Amino acid sequence: MASPESRDYNFSKSRKYLGSSGVTIDDSFPESKNIQKFKLSQKWKTPPVQFSKSGHLSPWPTYTSGQTILQNRKPCSDDSQKRTSSWQQQPTGIAKPRYLEQLENYLRKELLLLDLGTDSAQELRLQPYREIFEFFIEDFKTYKPLLSSIKNAYEVMLAHQREKIRALEPLKAKLVTMSEDCNERILAMRAEEKYEISMLKKEKMNLLKLIDKKNEEKISLQSEVSKLRKNLAEEYLRYLTERDARKILIADLNELRYQREDMSLAQSPGVWGEDPVKLTLALKMTRQDLTRTQMELNTMKANFGDVVPRRDFEMQEKTNKDLQEQLDSLRADYEEVRKEHEILLQLHMTTLKERDQFFSELQDIQRTSTPRPDWTKCGDMVAGGPDRWQVLAEGKNSDQLVDVLLEEIGEGLLREKDFFPGLGYGEEIPPFLRFDGPVQNKKPSKRDVVKLLRDAWKERLAEEQKEKFTDFFFNFLERRFGPSNAIAWAYTIFENIKLFCSNDVMSQFYAVLMGKMTESVYINQKETVAQLLKEMTNADSQNEGLLTMEQLSTILKSTFPLKKEERIQELMEAVGWHPNTSSTDFFEYRSLFTENEEGRNEPFVQKLWEQYLVEKDEYLQELKQELGLELYEDVTLSKMRKALMTIDPTLDKQNMNTHLSQAFQIPVSELHEDSENENTVTRLQTAMERLQMADVKRVGPRESESGN
């Protein structure tokens, strides 16, 4: 077999021209050898090769199979018709070239070996054709650049189309998903609209039935009116007949009377003795009276011939009036029903618009909002199970539930610790925590911590000479547990009260210990609760431990005269009152003030504490508005005093000085209206934070409220 170089050389060397058509024959290929077997004649009777329509030589003589290979005509080939007219098809028994048979066999085998059942079957089917084309490129050296450029152009286009298909695949999946989602939404909306349409159709049918019923009633009334009119006409005709009969009867009676008078005059002998002239005159006058009476009677007949009796007229008039009133009432009812129907239609359209708006808002919220947590799942993770979690979560919002859950988690972690790291001796460290090195965790229960804090408060309230609260706390621990264990108990108690912020006893003690709240706040709250319990005990004359809701309302209003009505109602609801509760229902008032061993108060006491904090915030916010300053601005002591007197005119001097001393950190003994301290200045935000720590509350109403 010749090498490609020698073949290319022979191809260029053995190129011959055939006639004037410009067709070349390559002697180095089997086609050229087959063509050389035939001799060219002048008339081209037996053409050795088959030319295409454009005048180029076909790669194999197709006339052997009885078919002519036609190529696309190029725009520049004008004489293509002349060239093709001289060629004719002449079937002969020439076999296929060996090289062509090898390529066809190779292509057939490769196609049989392919798995055409996969998604990439078309690409796999293309691969054998690509290899055949590469064989042509390698064997035909002369046309290799052109064929390679053609192949590369097709490969680039295929790669481009492949990339475009690959890029469109996710969009197709997304389009299918969006189409399914939209179809589901459309089906749901159609179902809702179908239900609403069915309901509206039912409502329409009901209204149509009502209208038909009213129309039937109207028709029946009209028929009744026509019947009454017919009866009236019949009665009128009967009365006319009777009138005419009466007239005839009267005329007959008059005629008989005249005849009787004439007969009596004729038979009476004394009449003949009368003067005939006189009788004639009397007769003439009588006839004139009769004529006048007859004329009057005719006039009355003409005037009152169509008149019915007054009694019948009034009766018919009354009946007509009643029917007219019924008709007017039915018309009014119909008009009202029609207006209601129009209003309902407008309301329905408005409701549809609101429904669509709410539905779109709901979809936006569902798409953007965070789902609500299922807090019941925490029951299995908390010590005590779902029952204890239900008790802990009762009456709490999501923020409070997060605190409770953190406390439960922190309690487990706190019990796992054996030692706390010492915080050192820095100035920012509270005195009772100043220690360097590990500190033992005593691991007390929540019940033990609450009991210890209650004992500390008892000693603090019984203490005569008040020392600093932090020093008192550490001294209390030293007296209770000894100097060697005091620091360990200080760290243990501190970590517990810092963790359990939802526990009233621990949170209040922690706030006082860290200087976030003064002791007076805790003391005032305890005194308020004790005073309220005393008032309830005094109201319980039978000493049975029971009070009515009416008595509770009276006691709350007398104990808290400045509370608003809605807050009094909130306290009563915390007891168990609701609008359906009778004012004479009894409740056990002593149970409202009980506190369990872990320091959990009843809802009534918790609500008192919450209202105290809210009322303090409102009082301070009112003070800020009265000052008319921003938090970053400075305020003088005299301006603060004036603002306090404005919002709380009944504030006594002692409470006034206490508030000012707390806000400006000046001793009470140095506070006088004519002293130099009246010009003391401090930042408003600092003053408000200091007042927030203290026991600040309203003493009396404002002037506007007291005037009302």
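Scope of the values below: all heavy atoms of this structure, side chains included, with no hydrogens, waters or symmetry mates. Keep in mind that this is a model prediction, so the values were computed, not measured.
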Can you check whether [X] reaches [Y] side chain to side chain, under 4.5 Å on heavy atoms?
| X | Y | value |
| --- | --- | --- |
| Leu344 | Glu203 | yes |
| Leu107 | Tyr129 | yes |
| Met506 | Tyr510 | no |
| Leu691 | Lys616 | no |
| Ile132 | Tyr106 | yes |
| Glu570 | Arg567 | yes |
| Leu684 | Glu633 | no |

Rounded distance [0.5 Å steps], [atom1] in [X] versus [atom2] in [Y]:
| X | Y | atom1 | atom2 | value |
| --- | --- | --- | --- | --- |
| Ile197 | Lys202 | CD1 | NZ | 13.5 Å |
| Glu689 | Leu620 | CD | CG | 11.5 Å |
| Leu629 | Lys624 | CG | NZ | 8.5 Å |
| Asn496 | Thr492 | CG | OG1 | 7.0 Å |
| Lys446 | Asn503 | NZ | CG | 6.0 Å |
| Thr350 | Leu345 | OG1 | CG | 10.5 Å |

Open item on the list: Which label fits Phe420 and Tyr491: parallel for a plane angle under 30°, tilted from 30 to 60°, or perpendicular past 60°?
Closed with: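 Rings of Phe420 and Tyr491: parallel, under 30°.
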So which heavy atom on [X] is nearest to which on [Y], and how close?
| X | Y | answer |
| --- | --- | --- |
| Cys501 | Ser507 | O-CB, 3.3 Å |
| Leu147 | Phe136 | CD1-O, 4.3 Å |
| Gly424 | Ile429 | O-CG2, 4.1 Å |
| Met693 | Gly515 | CE-O, 2.7 Å |

Is a side-chain N or O of [X] found less than 3.5 angstrom from the main chain of [Y], in a donor-acceptor match?
| X | Y | value |
| --- | --- | --- |
| Arg683 | Asp634 | no |
| Gln440 | Asp418 | no |
| Lys417 | Asn441 | no |

TODO: Answer yes or no: are there more than 12 heavy-atom neighbours, outside Met178 itself, under 6.0 Å from its atom CE?
DONE: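 No, the 6.0 Å shell around CE holds no more than 12 heavy atoms from other groups.
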Under 3.5 Å, which donor-acceptor pairs do the side chains of residues 180-194 form with other protein atoms, sequence neighbours left out?
{"unit_1": "Asn183", "atom_1": "ND2", "unit_2": "Ser179", "atom_2": "O", "d": "3.0"}

Could you list the donor-acceptor pairs under 3.5 angstrom formed between side-chain atoms of residues 352-362 and any protein atom two or more places apart in sequence or on another chain?
{"unit_1": "Arg355", "atom_1": "NH1", "unit_2": "Glu196", "atom_2": "OE1", "d": "2.7"}
{"unit_1": "Arg355", "atom_1": "NH1", "unit_2": "Glu196", "atom_2": "OE2", "d": "2.5"}
{"unit_1": "Gln357", "atom_1": "NE2", "unit_2": "Glu361", "atom_2": "OE2", "d": "3.3"}
{"unit_1": "Ser360", "atom_1": "OG", "unit_2": "Asp356", "atom_2": "O", "d": "3.3"}
{"unit_1": "Ser360", "atom_1": "OG", "unit_2": "Gln357", "atom_2": "O", "d": "2.6"}

I'd like a table of donor-acceptor pairs (distance under 3.5 Å, sequence neighbours excluded) in which one partner is a side-chain atom from residues 149-169, with atom names and distances.
{"unit_1": "Ser149", "atom_1": "OG", "unit_2": "Pro145", "atom_2": "O", "d": "3.3"}
{"unit_1": "Ser149", "atom_1": "OG", "unit_2": "Leu146", "atom_2": "O", "d": "2.6"}
{"unit_1": "Asn152", "atom_1": "ND2", "unit_2": "Ser148", "atom_2": "O", "d": "3.1"}
{"unit_1": "Glu155", "atom_1": "OE2", "unit_2": "Arg130", "atom_2": "NE", "d": "2.5"}
{"unit_1": "Arg162", "atom_1": "NE", "unit_2": "Glu123", "atom_2": "OE2", "d": "3.1"}
{"unit_1": "Glu163", "atom_1": "OE1", "unit_2": "Arg166", "atom_2": "NH1", "d": "3.3"}
{"unit_1": "Glu163", "atom_1": "OE2", "unit_2": "Arg166", "atom_2": "NH1", "d": "2.8"}

Task: Lys498/Glu495 salt bridge by N-O under 4.0 Å criterion - done: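 Counted as a salt bridge, because a side-chain N and a carboxylate O are separated by less than 4.0 Å.
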Open item on the list: Between Phe494 and Leu433, is the side chain to side chain contact (heavy atoms under 4.5 Å, CB included) condition met? List the steps.
Closed with: CA-CA 9 Å; Phe494 178 75; Leu433 296 179; 3.8 Å; yes
Open item on the list: Glu342 and side chain to side chain donor-acceptor pair (under 3.5 Å): which single residue from Lys339, Gln346, Arg338 fits?
Closed with: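 The residue from Lys339, Gln346, Arg338 that satisfies side chain to side chain donor-acceptor pair (under 3.5 Å) with Glu342 turns out to be Arg338.
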